[in-house]
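Scroll down for the structure; my scribbles are underneath it.
We count residues from 1, following the sequence as given. Note that the coordinates shown come from a computational prediction; the quantities given were computed from them, not determined experimentally.
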Amino acid sequence: MAQIFEKTGDHVSHHRHGDILKSPVWVGVLFVLLTMPAHLFLDEKSSIALASITLSLIGGAYIGFGAADGRARVFWAELAVALLFGSAAFLGLIWHWAFLPLGLALHALWDMSHHNSYRLARIPNWYIPFCVAFDLLAATFFVLLYAVF
């Protein structure tokens, strides 16, 4: 298998193409490529419903992280914010699809706010870049799907 060489400081690191799947960002990209095409085969109403469910599930992931953290105030904060994402998903379903990509973009910001944070739930290091990549690409996909095509 061919190697990619990347000069970093005084040493050269060797990466195999298979290592790309170990990158959380690339795994997020892969998840978008695997999940978003389903929307191309659905009518708009069904696609919006699926996108709403997706946003709700993504927002709800932090409830589990908050519970695992063990601090009550962190759990309640994560639950409250998850309810906001659930509300965005609901508004996207019943009012206007634009709440869905907006909710995903805001979720990417919420992901980034957990980086090196001691006030919010402790998140695995790989989760933040994975989720940011997924959120932003999915938000872009939905804008293109519903507004452009």
Side-chain angles (χ1 to χ4, degrees), residues 1-39 47-93 95-148:
M1 188 179 286
Q3 291 184 347
I4 300 171
F5 297 95
E6 179 183 313
K7 184 158 177 75
T8 55
D10 292 334
H11 68 284
V12 176
S13 61
H14 304 275
H15 301 284
R16 297 197 182 279
H17 290 297
D19 291 343
I20 202 164
L21 293 179
K22 293 179 184 174
S23 165
V25 171
W26 284 110
V27 174
V29 170
L30 181 63
F31 267 53
V32 167
L33 293 175
L34 291 174
T35 59
M36 292 301 121
H39 292 270
S47 174
I48 288 171
L50 180 57
S52 178
I53 292 167
T54 301
L55 177 56
S56 295
L57 291 172
I58 288 170
Y62 282 95
I63 299 170
F65 290 132
D69 185 275
R71 296 175 288 172
R73 67 172 178 75
V74 168
F75 170 76
W76 291 110
E78 298 292 354
L79 177 62
V81 173
L83 291 172
L84 292 175
F85 289 117
S87 298
F90 183 67
L91 290 172
L93 182 63
W95 192 13
H96 196 279
W97 62 263
F99 283 98
L100 301 171
L102 176 63
L104 286 164
L106 290 173
H107 192 266
L109 292 174
W110 185 240
D111 294 323
M112 289 185 281
S113 72
H114 285 77
H115 180 70
N116 292 330
S117 175
Y118 296 102
R119 294 182 182 180
L120 301 172
R122 294 174 189 101
I123 307 297
N125 289 336
W126 61 267
Y127 187 81
I128 295 167
F130 158 77
C131 203
V132 168
F134 182 90
D135 290 344
L136 295 178
L137 289 172
T140 302
F141 175 84
F142 290 132
V143 168
L144 292 173
L145 181 64
Y146 302 138
V148 176

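Taking the six-membered ring for Trp and the full ring otherwise, His114 and Tyr127 have centroids separated by 6.0 Å or more. Between Tyr146 and His96, the gap from one ring centroid to the other reaches at least 6.0 Å.
When all heavy atoms are compared, the tightest approach of Gly59 to Phe85 is CA-CB, 4.0 Å. Shown here for Pro129 and Val25, the closest heavy-atom pair between the two residues is CB-CG2, 3.7 Å. In terms of heavy atoms, Gly92 sits closest to Ile48 at O-CG2, 3.4 Å. The two residues Gly103 and Ala88 come nearest to each other via the heavy atoms CA-CB, 4.4 Å. Annotation for His39 and Ala51: closest pair CE1-N, 3.7 Å, computed over non-hydrogen atoms. Shown here for Gly66 and Glu78, the closest heavy-atom pair between the two residues is CA-CG, 4.0 Å.
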Trp126 and Val27: CA distance, side-chain angles, deciding distance, side-chain contact (heavy atoms from CB on, under 4.5 Å) verdict:
CA-CA 10 Å; Trp126 61 267; Val27 174; over 6 Å; no
Under the side-chain contact (heavy atoms from CB on, under 4.5 Å) rule, what do Phe75 and Ile63 come out as? Steps first, then yes or no, please.
CA-CA 7 Å; Phe75 170 76; Ile63 299 170; 3.7 Å; yes
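Contact annotation: the side chain of Leu79 never approaches that of Tyr62 to less than 4.5 Å [non-hydrogen atoms, C-beta and beyond]. Between Trp110 and Leu120 there is a side-chain heavy-atom pair separated by less than 4.5 Å. Side-chain contact between Trp97 and Leu145 is absent, with no heavy-atom pair separated by less than 4.5 Å. The closest side-chain heavy-atom distance from Ser87 to Phe99 is not below 4.5 Å. Two residues are said to be in side-chain contact when any heavy atoms from C-beta on lie closer than 4.5 Å; Asp111 and Phe130 fail this criterion.
A donor-acceptor contact shorter than 3.5 Å is absent between the side chain of Arg71 and the backbone of Arg119. Between the side chain of Ser52 and the backbone N or O of Ala89, at least one donor-acceptor pair lies under 3.5 Å.
To the nearest 0.5 Å, the span separating CG on Leu55 from CZ on Phe90 amounts to 13.5 Å. Atoms OG1 and CG, from Thr140 and Asp135 in turn, are 10.5 Å apart once rounded to the nearest 0.5 Å. Of the inter-residue distances, the one linking Leu33 atom CG with Phe141 atom CZ reads 10.0 Å to the nearest 0.5 angstrom. A distance of 12.0 Å separates CD1 of Ile53 from CD1 of Ile58, quoted to the nearest 0.5 Å. The CZ atom of Phe134 sits 7.0 Å away from the CG atom of Leu104 when rounded to the nearest 0.5 Å. Between the CD1 atom of Ile123 and the OG atom of Ser113 there is a distance of 9.0 Å, given to the nearest 0.5 Å.
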